[in-house]
Structures are given as structure tokens and as C-alpha cells.
Trainee: 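Sharing a structure, written as C-alpha cells. Questions coming.
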Protein chains: 2
Amino acid sequence: MTSLSARDPGSGSRPTMRQVAELAGVGIKTVSRVINGEPNVTPETAQRVLDAAGALDYQPDLHAGNLRRSDRRTRTLGLLVGSVDNPFSGAVHRAVEDAAVGRGVAVFASSLDDDPQREREAVAAFLRRRVDGLILVTATADQTYLEPELRRGTPIVFVDREPSGIETDAVVSDNAGGAARAAEHLLAQGHRRIAYLGDLRSIQTARERLRGFLDALARAGVTAASVTEDLHDQDAAREALVRLLDAPDPPTAVFSAQNLITIGALHALRERGRHRDTALVGFDDVALADLLDPGVTVVAQHPEDLGRLAAERVFARLDGNDSPSQRIVVGTTLIVRGSGEIPPK
Amino acid sequence: MTSLSARDPGSGSRPTMRQVAELAGVGIKTVSRVINGEPNVTPETAQRVLDAAGALDYQPDLHAGNLRRSDRRTRTLGLLVGSVDNPFSGAVHRAVEDAAVGRGVAVFASSLDDDPQREREAVAAFLRRRVDGLILVTATADQTYLEPELRRGTPIVFVDREPSGIETDAVVSDNAGGAARAAEHLLAQGHRRIAYLGDLRSIQTARERLRGFLDALARAGVTAASVTEDLHDQDAAREALVRLLDAPDPPTAVFSAQNLITIGALHALRERGRHRDTALVGFDDVALADLLDPGVTVVAQHPEDLGRLAAERVFARLDGNDSPSQRIVVGTTLIVRGSGEIPPK
DNA sequence: CGCCCGTTTGACAACGATGTCATCACTAGT
DNA sequence: ACTAGTGATGACATCGTTGTCAAACGGGCG
């Protein structure tokens, strides 16, 4: 009795075209033709090859083929986002995957945690694997380092944040417009003491949102009750708003310019029992916002559209489109649920 | 003046070791040695090579190297989950990535939407790319088709759901135990009319949860007020619970055995204004559960642990560990927030 | 001074596939 | 019957890299 270990070299090694060819009694090039559906193979030969491939559970080595193939496409995309464990990134990722899967393209994903160092490492790791294109929510202030790769013809598309230092496609939300919309909504309810809670100033979208907010207030001849920036997590946002609520002359309305900041703000308002008399509008939707009481009014982004359009740009470039680089802006949607419609007292 | 197009073939082609070698005035093998940090290169030669590589923005081709290298590792992992756009999958994914990134391993992710056909296609797509290992939340009832690959030595680890038809590692939640815990909690509050809302019977974890729930009730000598299965989305769950609430003798407590079902149940309770007098315990945590009123009591899973442990199993196998396949069970945690502590009227 | 040995280096084959091209067997046209 | 054309097939070089091996060189030792 011959006991075969799990790492048995016989069954352990992967079959190659050569072995399939041998078993089918044909040349290796004929196997290649059958596997790739090339013409000029008799049906009987093709069947013999397919039988042999099936018997050996043969899977072609995409990378070996790619090495020799003229188009040099790995049918692989690299996606770089804030964190795959984050609803916004998840929605972008899913949209990219949906666009890719139909074309037989697989997607690498990497989380950057807004760390520029990690971005450079992750990009390098993907390029060494010869991805056909990159889609990234950049964490760096300047992407000049991508210039050589771009010149080589690798499509690079920015999502959510615009590129700086290089000329390439970008798909972004209308951050300033959305923030202005939020401000106008609160102004329309009669609010004149509106507080702004924002993310790190180093993030371009955060700056855009503040700009849109302040512009809208200025157009109405109103000055912001307060502007708090550099709130990078839920708890920092909560503490900041608690302080504002405890101070004399607290705001009658709050605009929270990011996801986690909105959640922190919700906690602060409940903590101080002010959630029924202080208006709140958030930027970017949050889960279960409709089940809260009052429901959370938000300016929603459309991450699925961002992801889909970015993937479409990459594929268009791969298909040879070399029109000048585009900047696609995706609109935002105000979703009225209650918290934004609380009037000033 | 020579105008260079963006797709210029000169700058458009990627530099190879040969070109680096030529520029540095050394043999190609010496470049290989420097790039891979092999010993026996004089510092001056190494510097010349690094300078040349830098000047050309050289990136080694991992796949070409892998073709020749003896270990045949692509430093790539395939992850198959329900959907990358889903908090549970996102947490698993992030944990896998965190374990992988330190080892220089990149992660392919694919969404299956519980479609067996997609699972087979996605697995094939990953194997053609020669991933070093697979981590999967299976969507198929039987995974015998993975047997040849497993015999070839590719580590395959199941997460969340157990394998069937093959013998391999699995990391799962204590589904029956967690469901029992939820039932016991409701029984302890004095409930005797408890409704069960569950996912598709075809999903193994759904069956486990029902089993745990019914066992706990049986131990207490109580029969379920109702058992509703095959609720695969939020809306189906909402409708089902609305029906139960409208019927004579509605339940005094509800156990919702999955994420989206819990959200559907929350909607139903609010819709009928019964959220303050009907107890609810959910399986798997939901975002913002603590901000609702009452807060949502849940039996939380630990997807980060599932992902981390699965990745560790894969790497252990790759490192040569060939102990018998393990089944690792990760416990659940009851998080008390209010909704589960409402007493029967 | 000659031998041995370790260090540094490059020539060459090989990994698994595909592109090119030559060969062979037929069929059709004259 | 002979030529040209077409379809089916395989030999061979090649993609970018690494493993193997041998050559060249210099230093230490008897």
C-alpha cells in the first residue's frame, strides 16, 4: 500500500501545458490553441485536449502566458482606499469589482489608513505584480512619484480626491456644492448660529467642504458660529461638540462634514440631551440614519457611482482612449430625515 | 523639437533587468543579486546598480521571477466573501489584509453574493493567477471541486461557514451557542412567546442558529411562538414581522438571526409603534445600534478574529505546518443595550 | 614562487506559456 | 497530372527573471 502525503510531489505539482499535450498526444502549441479558443483545430483534436486538461485538472498559468503575450495584460486592477473596512470604501470597491468581473479582471485591494508611506508601498507592490491599472483614493499630498508609471501608459484614476503633481483622470464628489447645500438647508430653516465640524485640514475634500460651507454662509451674509477642524475620529468629534454645547451661546445647528464626525456629533447631542432642539446635517450618509429619532438629515455621496465611473475610465484608457485627462464630478443628494429640519429656538 | 506622446514607445516600455544591467555596466545576474539582496556583491557595484535602477524607475516583475524561482510563491492571497460592500465581510477582509501586508502578500477580493456559480468562477480566476492560498466564505453546498487543488498543496481555509466534501481548516463563529445565548437572555426576562426570524435554510450558519435557538427553548420547556425562515433581505424580514405583529397573540420578544434581518425587524417594530414594548435581540452587531432608542441588544460576532485566524492558518500551512486540519470556533459576545431587556407585558 | 581557497562576476539554461514560421496533407482549379 | 491555396499541426525562439556553474581574481600559506 502506497500512502500519499498531502504534499506528495506527484500529485502535488501543478500540471502544465506540456503534460496536457503529452496525455492528449498532441503538440504543446495545439493545447495552447484549444485553451485559448483559437481557430484551426479539428473538433476531435480539441476534444482530446479538453479531456486531457479535465483529467489533470489543468489551470493555465495566466502570468506565464502574459510574459510572452503581446498585449502584456495581467487582467488585474489595483484599488487603494482608506480602509476596506469602511462603508464608503466598500461601496467604491464593490462598484469597481462589478465593472471588472465582466471583463475577467481581478481586483487587488489595499487599505491605506491615510498613511502616505503605505500608499507608496502598496502602489509599488501592485506595480511589481504588473496590474493593468490603478484606482486610488490617495493619501499623499503630491503624486509626482506616479509620473514615470503614467508615462509608461498605465492608466491611473483618482477617486474621491483629486490628483496633485500629475495630470490624470479623476472622479470626485461635488464636495463644495454638497456642503453649500447643507448650509443653505440650515439657513432656510432660519438658523444663524451654525457650527462646522470638519476632518483633517490635510485632506483636500475636507478643505473643499469647508470652503463650500463658508461660501454659502457668506452669500447669506452670515458668519459661522464656530469652525472646528482636524477631527479625525468619532471621539474627537464628540468631545468637540460637547464643548460647544456646554459653552455660552451654543450653536442652534451643526454641520458635520464627514461620516465618523456625524456619528460623534450624534453621540454628543444625545449625551447632552440636545438632539431634539439642535439641528444636524451630515456629509455622507450613515447606516440606520432613518431609524434614529429624529432621523439624520444628510448630504449623501454616491460611492457606487464614483467606483463605477473610475473603473470605466480605466477600461476606456486600456481600450486605447487617449483623450485629455478628465475630471468627472458626481453630484450629492440631500436626504431629509428630520434632524436637519429642527427650527432654531 | 521632439514631441513625445503619452504612449511613446520609448518611455512607454517598462525597463527590465537587462536594461538596468546595461546602464550599470554589469551582468544581468548581478542586478538580480542586488535587487534581491543576495550576498557577495561589492558595495560599489551594488551602488551602481541601484543608481541605474533608480534612474530607470525599475520595478522587478514579480511574476517573471516567480516563474523561475524554486518556491513558486506569488505572495498573493485570494479572499472570497459575500460582498466586499458589507460590514461583516469588510471586517474579515481588513483582518486578512493586516495579516498579509506584513509578509509582503497582496490580497485579491471577490464578492460572491451567495451564488455558487460565481464562487467557482472566482476560484478559477484566482487559481489561474496562482494565488498562494484561498480564504473563503463559501456559497456552495459542496466543495469537492476544490479537492485536486488542495492535494496540490494550496492552503484553503474556510471562514464563517464550514466546508463540506473536503477536509480542510475552518474558522467559524459559535452560531448555535450564540443563538442559545440570545434565547436564554430573552427567557431570563420572562418571555415565553418568542418569534424567530432567520435567513435562507440553504445557509449552514442559518441552520445552526435555528438549532441553537430551539435547543435553548426546549431546555426551558418553551416552544417557539413562531419560526420564519428564508428571509434573505431587509424588506422580507420587515414584512414578516409586521405580519406577526398584526396577527392575534403577537410575540412579546423577537430573535432576528442575521444582520439585515435585524434591521428589517427594527423597521417593522417602529412602523407598528411596538419598539418600546417588544423585546428584540439580534445576531451580529449593527452600526449605530447604541444610538437607537432603545439601544439594540445583540449577540456580536468577531469578524476581525475570524479573518485574522484564517489568515494565520493559511500562513502556517505555507510555512510547512501540515498537522491535521483544524476547526477553530470563535465565541460570540452578548451586548446589552436595552431592546433585549424589555419585559413581557 | 606556486597552490589553494574564497569572493565576485557573468554565461547559460530553464520556468510555462504564446507568436512566428515551416511542414504536411488535402482540395480545387487548370 | 501538376500547381496553388487552405487547414491543421508542431518546432523553436522568446518573454523577464533566477538557479547553476564556471571563470577570473586576489590573498594567505607552505
Side-chain angles (χ1 to χ4, degrees), chain A residues 9 12-50 52-53 56-76 127-132 152, chain B residues 9 12-50 52-53 56-76 127-132 152:
Chain A
S13 80
R14 208 177 286 279
T16 70
M17 272 200 177
R18 170 156 274 102
Q19 295 173 46
V20 175
E22 218 156 294
L23 184 58
V26 300
I28 172 178
K29 180 67 226 228
T30 299
V31 176
S32 170
R33 272 189 273 258
V34 173
I35 296 292
N36 296 292
E38 287 173 38
N40 298 337
V41 181
T42 58
E44 305 88 71
T45 310
Q47 194 54 55
R48 274 221 314 286
V49 169
L50 289 175
L56 295 174
D57 191 45
Y58 171 74
Q59 295 273 11
D61 184 326
L62 223 60
H63 294 122
N66 174 54
L67 193 57
R68 187 63 173 86
R69 209 185 341 262
S70 35
D71 69 358
R72 298 308 244 101
R73 293 279 164 80
T74 54
R75 303 197 149 274
T76 291
L127 291 179
R128 280 194 292 269
R129 287 175 178 82
R130 297 295 186 261
V131 295
D132 295 334
R152 246 166 236 138
Chain B
S13 79
R14 210 175 285 280
T16 70
M17 274 200 176
R18 172 156 272 104
Q19 295 172 44
V20 175
E22 218 157 294
L23 183 59
V26 300
I28 172 179
K29 181 67 226 226
T30 299
V31 177
S32 170
R33 271 188 273 258
V34 173
I35 296 293
N36 295 294
E38 287 173 38
N40 298 337
V41 180
T42 57
E44 306 88 70
T45 311
Q47 194 56 56
R48 275 221 313 288
V49 169
L50 290 175
L56 296 175
D57 190 45
Y58 171 73
Q59 296 273 11
D61 184 327
L62 222 61
H63 295 122
N66 174 54
L67 192 56
R68 186 63 173 85
R69 209 183 343 261
S70 36
D71 68 358
R72 299 306 245 101
R73 293 280 163 81
T74 54
R75 304 196 147 276
T76 291
L127 291 179
R128 280 195 292 269
R129 287 176 178 81
R130 297 296 185 261
V131 295
D132 295 334
R152 244 165 238 138

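As the structure is a computational prediction, the values presented were derived from the model and not from experiment. Side chains included, hydrogens not; waters and symmetry mates left out as well; all remaining heavy atoms used. To find a chain, count down the sequence lines: A is the first, B the second, and so on, and within it residues start at 1.
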Trainee: Quick one: on DNA chain C, does A:His63 or A:Ser70 contact a more 5' nucleotide (nearest heavy atom)?
Mentor: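 Residue closer to the 5' terminus by nearest nucleotide: A:His63.
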Trainee: By the 4.0 Å heavy-atom rule, please label B:Asn66 as base, sugar-phosphate, or nothing.
Mentor: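 If one applies the 4.0 Å heavy-atom cut-off, B:Asn66 turns out to touch nothing in the nucleic acid.
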Trainee: Starting at atom CZ of A:Arg14, determine the distance to atom C1' of C:dC15, rounded to an integer number of angstrom.
Mentor: 14 Å
Trainee: Taking CG from A:Asp61 and P from C:dC15, how many angstroms apart are they, rounded to a whole number?
Mentor: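 So the two atoms are 13 Å apart, to the nearest Å.
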Trainee: Pick base, sugar-phosphate or nothing for B:Pro60, based on heavy-atom distances below 4.0 Å to the nucleic acid.
Mentor: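 Touches sugar-phosphate only.
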Trainee: Taking the minimum atom-to-atom distance to the side chain of B:Glu38, which one of C:dA17, D:dG19, D:dT9 wins?
Mentor: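 Between C:dA17, D:dG19, D:dT9, the one nearest the side chain of B:Glu38 would be D:dG19.
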Trainee: As an exercise, state the distance from OG1 of B:Thr30 to CG of B:Asn40, rounded to the nearest 0.5 Å.
Mentor: 11.0 Å
Trainee: B:Arg72 near the nucleic acid: base, sugar-phosphate alone, or nothing, with a heavy-atom cut-off under 4.0 Å?
Mentor: sugar-phosphate
Trainee: Identify which nucleotide among C:dG16, C:dG19, D:dG19 has an atom closest to any side-chain atom of B:Leu67, counting heavy atoms from C-beta outward.
Mentor: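 Among C:dG16, C:dG19, D:dG19, the one nearest the side chain of B:Leu67 is C:dG16.
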Trainee: Would you classify B:Asn40 as touching base, sugar-phosphate or nothing, given that sugar-phosphate means primed atoms plus P, OP1 and OP2, and contacts are heavy atoms under 4.0 Å?
Mentor: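 Touches a base.
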Trainee: Nearest whole angstrom, please: distance from the P of D:dA24 to the NZ of B:Lys29.
Mentor: 20 Å
Trainee: To the nearest angstrom, how far is A:Arg18 atom CZ from D:dA11 atom C1'?
Mentor: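 That distance rounds to 11 Å.
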Trainee: Taking for each residue the nucleotide of DNA chain C with the nearest heavy atom, is it B:Thr42 or B:Ala64 whose nucleotide lies nearer the 5' end?
Mentor: B:Thr42
Trainee: Whole angstroms only, please: what is the CD-C1' distance between A:Glu44 and D:dG7?
Mentor: 13 Å
Trainee: Is the shortest distance from a Lys or Arg side-chain nitrogen in B:Asp61 or B:Arg14 to a carboxylate oxygen in the other one below 4.0 Å?
Mentor: no
Trainee: So, is B:Tyr58 close to the D:dT17 phosphate, meaning a side-chain N or O under 4.0 Å from OP1 or OP2?
Mentor: yes
Trainee: Taking the side chain as C-beta and beyond, is there a heavy-atom pair between B:Asn66 and A:His63 under 4.5 Å?
Mentor: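 No, too far: nothing below the 4.5 Å cut-off.
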Trainee: So for A:Arg68 and D:dT14, does any side-chain atom that can act as donor or acceptor lie under 3.5 Å from a complementary atom in the base?
Mentor: yes
Trainee: Starting from P on D:dG10, measure out to CD on A:Glu22 and report it in whole angstrom.
Mentor: 13 Å
Trainee: If you compare every side-chain N and O of A:Ser32 against the phosphate oxygens of C:dA17 (OP1, OP2), does one of them come in below 4.0 Å?
Mentor: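 Checking C:dA17 against A:Ser32, no side-chain N or O comes under 4.0 Å of OP1 or OP2.
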Trainee: Check whether any side-chain N or O of B:Thr16 sits under 4.0 Å from OP1 or OP2 of D:dC15, and answer yes or no.
Mentor: no
Trainee: Taking any heavy-atom pair under 4.0 Å as a contact, classify B:Ile28: base, sugar-phosphate, or nothing.
Mentor: base
Trainee: If you assign each of B:Pro15 and A:Gly27 to its closest nucleotide in DNA chain D, which residue comes earlier from the 5' end?
Mentor: A:Gly27
Trainee: Regarding C:dG19, can its base be found pairing with the side chain of A:Arg33 as donor and acceptor, where the two atoms are less than 3.5 Å apart?
Mentor: no
Trainee: Between the main-chain N or O of A:Ala24 and the side-chain N or O of A:Arg48, is there a donor-acceptor pair closer than 3.5 Å?
Mentor: yes
Trainee: How many whole angstroms separate atom CZ of A:Arg69 from atom C1' of C:dT20?
Mentor: 16 Å
Trainee: How many angstroms lie between CZ in A:Arg72 and CZ in A:Arg130, if you round to the nearest 0.5 Å?
Mentor: 7.5 Å
Trainee: How long is the line joining CG of B:Leu127 and P of C:dG16, in whole Å?
Mentor: 16 Å
Trainee: Supply the atom-to-atom distance B:Leu56 CG to B:Met17 CE, rounded to the nearest 0.5 angstrom.
Mentor: 12.5 Å
Trainee: For D:dA8, does OP1 or OP2 lie under 4.0 Å from any side-chain N or O of A:Thr30?
Mentor: no
